[in-house]
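What follows is a single structure, written as structure tokens, with notes after it.
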Amino acid sequence: MTNTGRFTLPSEENFAEETKRLAQLWGADAIRNSDGTHLDEAVERLGKKIYSAYFPTRAHNEWISLHMDETPQVYLLTNRVLATGKTVDVPLMAGFYAEQLQPNRDADPHVYWEVIDRTTGEIVDVSHWHYDPITDIVHIEHVEEMHEYTVSFLAYIIWDPVEMYNHLTNDWGDKEHEIPFDIYNPATRDFVFRTFEDWLKNNPQTDVVRFTTFFYQFTLIFDQRHREKIVDWFGCACTVSPQALDDFEEQYGYRLRPEDFVDEGCYNSTFRIPRKAQRDWIEFLTTFVRANVKRLVDDTHAAGKEAMMFLGDQWIGTEPYMDGFEELGLDAVVGSVGDGTTLRMIADIPGVKYTEGRFLPYFFPDTFYEGNDPSIEGLDNWRKARRAILRSPIDRMGYGGYLSLAAKFPKFVDTVTGIANEFRDIHERTGGKPAEGELNVALLNSWGKMRSWMAFTVAHALPNQQTYSYYGILEALSGMRVNVRFISFDDVLEHGIDPSIDVIINAGPARTSFSGGDIWQNPRLVATIRRWVREGGAFIGVGQPSATNWQGRFFQLADIFGVDQEVFQTLSVDKYWPQPETDNFIIEDLPDGVEAANLGEPILNTYPINEQVHVLKASNGSVQLAANEYGAGRGVYISGLPYSATNARLLERALFYASRNEDRYAEWSSTNPECEVAYFPERKTYCVINNTDQPQRTQVQRADGGVDEFDLAPSAIAWQQL
């Protein structure tokens with residue numbers, strides 16, 4: 001087994017000897033600096049490939065402090081203020097952090113701002129309000145008593161949000177705040193490229209320029225107490241400027257409103273059903289960003305260096321899953337690996353020469369402190385990622401942060417040694433090829449391919465109470481023996497359903513982009529899917545799939561699922577339930593039976609639409625799991641799917657059942673849901689992984705019918721040559 005290579009090590013100043021020691025232990029062939037650190041010459045002389053983090057739009061206060069009207073801007077929505085008389089005052093900065101944000105007092109507020117009566121939704125005429133730049137208060141006249149009013153205003157971002165986060169997390173004290181800048185301004189754009197040209201000349205030791213990232217930060221806004229107020233990893237709120245708005249109008253033929261950005265206070269969350277204005281802005285922004293990314297990449301190549309993009313921080317506008325990303329010519333993409341889903345988000349990106357994962361934990365003091373054991377998180381992160389690596393391998397791995405912190409924890413150092421060696425061993429044994437997928441599964445939502453492995457996410461790898469029942473679907477699929485793609489409703493309407501697809505999944509809360517909302521009132525969409533299922537297709541719905549009030553139904557594909565939801569419109573119509581079943585392929589080998597399965601929070605008042613439906617689990621009068629025959633095809637309904645080994649097994653069996661492939665299920669399957677199998681036919685080998693920190697025993701049935709038994713140590717992987 002090779003014990004060197006495919007590993008990037010973070011380092012810092014005055015740490016050369018320990019860097020050398022850890023590089024040898026972990027088999028590092030590349031060394032990088034992290035935010036706030038630099039590599040000294042002794043580290044650079046170790047003979048490793050050198051990554052240099054580069055921030056195109058910050059860390060040059062000497063420039064931007066003289067051009068503070070060229071920082072990035074964001075549309076912010078004030079608090080709602082109740083009118084108790086004929087006038088009302090709205091303070092702009094109530095609830096926002098003044099060290100991060102400053103109202104734009106330069107552009108005409110009557111052109112670029114908006115005051116709205118939130119009780120009626122009407123725009124208040126500009127003659128009825130004025131802005132006081134001394135107090136940052138908007139005074140509104142001729143208001144309606146007992147109506148609420150808001151102001152949507154432009155604000156400059158005067159402290160880079162990521163540097164600010166790192167600053168506060170690491171207690172950098174009086175370190176100067178780094179001011180971001182917006183390359184939409186020609187003078188600043190020229191500065192950015194001139195500065196980068198000089199940097200390339202002055203850093204001949206750099207082999208890989210690790211752009212962290214490019215120009216526009218995802219939405220990350222803090223409140224007056226320094227707490228995160230608005231966090232949207234996909235948010236485009238921090239990308240706007242008066243000039244960009246004017247140019248958009250010229251190109252697209254209509255003018256965007258502030259409301260198109262603040263979106264009633266939702267800030268265009270990916271859960272919102274995307275509107276034309278939102279899609280057009282993403283297209284406009286992406287065209288601009290990519291043109292300038294291409295220029296940076298070309299300059300990097302001309303200097304004889306590789307160009308690597310970090311999928312995080314200022315990644316907005318790059319859109320790696322939109323068509324044309326490969327035209328940028330990037331050599332690599334690196335991203336933070338929080339679990340199997342985020343691993344796949346990186347690994348599946350097309351059009352780059354290699355991909356790299358930055359594994360957790362990050363070497364920061366919030367994890368590396370006396371009394372804590374970071375190796376627990378390190379192994380947990382590795383087990384989650386390893387499932388996905390076997391299905392879609394990344395080419396390299398590494399860590400980030402302060403190496404001096406990690407070096408103080410010998411157990412963690414040993415843990416990473418084992419992880420790095422195992423990662424290289426997987427590559428050697430598989431040739432960097434993915435394991436065989438048995439079925440083709442498509443996730444159907446409003447975004448489609450553009451948000452591959454990004455569905456149900458609010459902040460990177462941090463599902464919350466409202467999304468965990470859906471995010472678990474992605475996490476289960478990320479390491480499952482199926483091939484996964486993402487399709488949109490527009491894809492189905494324009495091109496039909498690809499005949500290679502075995503199963504379609506529609507999942508999400510009602511009235512969101514993931515469930516679909518009113519798109520399900522389109523008869524052609526519904527008819528296309530019904531026809532496909534009746535002819536042998538398979539459709540799985542999770543949560544409130546195809547949900548919209550229409551023609552007396554809430555789930556518009558209730559006839560496929562066999563389940564609908566009572567939304568208090570047909571309470572006078574009696575509903576009769578079939579006897580719940582305990583004998584069905586989907587629940588056949590769940591370790592503790594279907595009643596022990598955690599299928600998320602029940603979708604209240606879901607009921608079988610007839611007595612032929614196979615109800616497999618119900619809770620307090622709500623269906624949680626059901627199967628339904630539909631012509632030559634099948635439908636399955638699941639209320640939710642938080643990630644667990646049991647739920648991953650349940651979903652896998654549901655996929656094989658719905659597609660009528662039960663006879664193919666046993667081959668290359670583990671009898672223990674805590675263990676999974678990856679088969680590599682070209683290499684005539686397979687492996688079994690233990691996804692837990694406890695010993696596990698399992699059996700694997702081969703394609704020839706033979707059975708192999710395995711006793712696996714905690715976190716172990718076992719290989720079997722055929």
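When all heavy atoms of Gly401 and Pro10 are compared, the pair lying nearest together is O-CB, 3.6 Å. The two atoms that bring Thr4 and Ala28 nearest to each other are CG2-O, 4.5 Å, heavy atoms only. The heavy-atom pair separating Ala347 from Ser392 by the smallest distance is CB-O, 3.1 Å. Nearest heavy atoms, Ala385 versus Leu343: O-CG, 4.0 Å. Of all the heavy atoms in Ile394 and Gly357, the pair that sits closest is CD1-N, 3.6 Å. Taking all atoms of both residues into account, the shortest heavy-atom contact from Tyr254 to Asp280 is OH-OD2, 2.7 Å.
For the pair Asp29 and Arg396, the salt-bridge criterion is met [side-chain N within less than 4.0 Å of a carboxylate O]. Using a 4.0 Å cut-off between charged side-chain N and carboxylate O, Glu163 and Lys175 make a salt bridge. Under the 4.0 Å criterion applied to side-chain N and carboxylate O atoms, Arg424 and Glu428 are not assigned as salt-bridge partners. A salt bridge does not link Arg290 with Glu327: every distance from a Lys NZ or Arg NE/NH1/NH2 to an Asp or Glu carboxylate oxygen is 4.0 Å or more. Residues Lys353 and Asp395 are not paired through a salt bridge, judged by the lack of any N-O separation under 4.0 Å between the basic side chain and the carboxylate. Under a 4.0 Å N-O distance rule, the pair Glu475/Lys384 does not qualify as a salt bridge. At a threshold of 4.0 Å, the pair Glu41-Arg45 counts as salt-bridged, since one of the basic side-chain nitrogens sits closer than that to a carboxylate oxygen.
Screening residues 284-304 for ring-ring contact (aromatic ring centres under 6.0 Å, His included), with sequence neighbours left out, gives Tyr184-Phe288, Phe248-Phe284, Trp281-Phe284.
For Asn421 (side chain) and Thr417 (main-chain N/O), a donor-acceptor pair under 3.5 Å exists by modelled atom type. Between the side chain of Asp190 and the main chain of Pro186, no donor-acceptor pair closer than 3.5 Å is present. No side-chain donor-acceptor contact under 3.5 Å links Tyr216 to the backbone of Val240. In this structure, the side chain of Asn202 engages the main chain of Asp198 through a donor-acceptor pair within 3.5 Å. Listed for the Thr188 side chain is no donor-acceptor partner under 3.5 Å among the backbone atoms of Glu70. With Arg344 contributing its side chain and Ser478 its backbone, the two residues share a donor-acceptor pair below 3.5 Å. Put simply, the side chain of Gln100 gets close to the backbone of Leu220: a donor and an acceptor are under 3.5 Å apart.
Counting heavy atoms from C-beta outward, Leu330 and Phe325 have side chains that approach closer than 4.5 Å. Taking the side chain as every heavy atom from C-beta outward, Thr57 and Ile183 approach each other to under 4.5 Å. Side-chain contact check for His167 versus His177: some heavy-atom pair is nearer than 4.5 Å.
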Counting only pairs under 3.5 Å, give me each side-chain donor-acceptor contact of residues 227-238, with atom names and distances, residues two or more places apart or in other chains.
unit_1, atom_1, unit_2, atom_2, d
Arg227, NE, Asp223, OD2, 2.8
Arg227, NH2, Asp223, OD2, 2.9
Asp232, OD1, Phe234, N, 3.0

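Cation-pi geometry between Arg210 and Phe310 is satisfied (NZ or CZ under 6.0 Å from the ring centre, within 45° of the ring normal).
By the side-chain hydrogen bond (donor to acceptor under 3.5 Å, both in side chains) test, Lys433 pairs with no residue at all, sequence neighbours left out. In this structure Ile158 satisfies the side-chain contact (heavy atoms from CB on, under 4.5 Å) test together with Met68, Gln102, Tyr156, sequence neighbours excluded. In this structure Ser52 satisfies the side-chain contact (heavy atoms from CB on, under 4.5 Å) test together with Asn33, Ile50, Trp199, Thr206, sequence neighbours excluded. Arg275 meets the salt bridge (Lys or Arg N to Asp or Glu O under 4.0 Å) test with Asp260, Asp263; sequence neighbours excluded. Every residue meeting the side-chain hydrogen bond (donor to acceptor under 3.5 Å, both in side chains) condition with Gln73, not counting sequence neighbours, appears here in chain and number order: Asn104. For Asp108, the salt bridge (Lys or Arg N to Asp or Glu O under 4.0 Å) criterion is met by no residue, not counting sequence neighbours. By the salt bridge (Lys or Arg N to Asp or Glu O under 4.0 Å) test, Arg451 pairs with Glu319, sequence neighbours left out. Partners of Lys294 according to the side-chain contact (heavy atoms from CB on, under 4.5 Å) rule, which considers only residues two or more places apart in sequence or in another chain, are Asp298, Leu328. Arg255 meets the salt bridge (Lys or Arg N to Asp or Glu O under 4.0 Å) test with Asp246, Glu249; sequence neighbours excluded. With sequence neighbours excluded, no residue forms a side-chain contact (heavy atoms from CB on, under 4.5 Å) with Glu17.
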Inset, instruction - Go through Phe261 and Tyr267 one step at a time and tell me if the ring-ring contact (aromatic ring centres under 6.0 Å, His included) criterion holds. - result: CA-CA 6 Å; Phe261 293 90; Tyr267 290 91; 10.0 Å; no

Legend entry - Criterion ring-ring contact (aromatic ring centres under 6.0 Å, His included) on Phe153 and Tyr75, from CA distance to verdict: CA-CA 5 Å; Phe153 66 101; Tyr75 268 120; 8.7 Å; no

Legend entry - Criterion ring-ring contact (aromatic ring centres under 6.0 Å, His included) on Phe214 and Phe211, from CA distance to verdict: CA-CA 6 Å; Phe214 291 110; Phe211 291 103; 5.1 Å; yes

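Under the 3.5 Å distance criterion, with hydrogens and angles disregarded, a donor-acceptor pair is assigned to the side chains of Asp247 and Gln243. Remark: the Thr342 side chain and the Asp339 side chain contain an N/O donor-acceptor pair separated by less than 3.5 Å. Defined by atom type and a distance below 3.5 Å, a donor-acceptor pair is present between the side-chain atoms of Glu356 and Thr8. Asn14 and Glu12 are not linked by any side-chain donor-acceptor pair at a separation below 3.5 angstrom, with hydrogens and angles left out of the test. A donor and an acceptor atom, one from each side chain of Glu178 and Asn61, are nowhere located under 3.5 Å apart. Between the side chains of Ser513 and Trp447, a donor-acceptor pair is found at a separation under 3.5 Å.
Here the OH atom belonging to Tyr51 is positioned 14.0 Å from the NZ atom belonging to Lys305, to the nearest 0.5 angstrom. Note: Leu9 CG to Gln24 CD = 12.0 Å, rounded to the nearest 0.5 Å. To the nearest 0.5 Å, atom CD1 of residue Ile419 and atom CG of residue Asn381 are 7.5 Å apart.
Between His67 and Phe191, the ring centre distance reaches or exceeds 6.0 Å. The aromatic ring centroids of Tyr97 and His226 lie less than 6.0 Å from each other. If you look at Tyr54 and Phe196, their ring centroids are closer than 6.0 Å. Between Trp453 and Phe486, the ring center distance clears the sub-6.0 Å criterion.
None of Phe412, Tyr362, Tyr399 except one satisfies the ring-ring contact (aromatic ring centres under 6.0 Å, His included) rule with Phe368; the exception is Phe412.
Ring geometry, Phe359 versus Trp382: the interplanar angle falls from 30° to 60°, so the pair is classed tilted.
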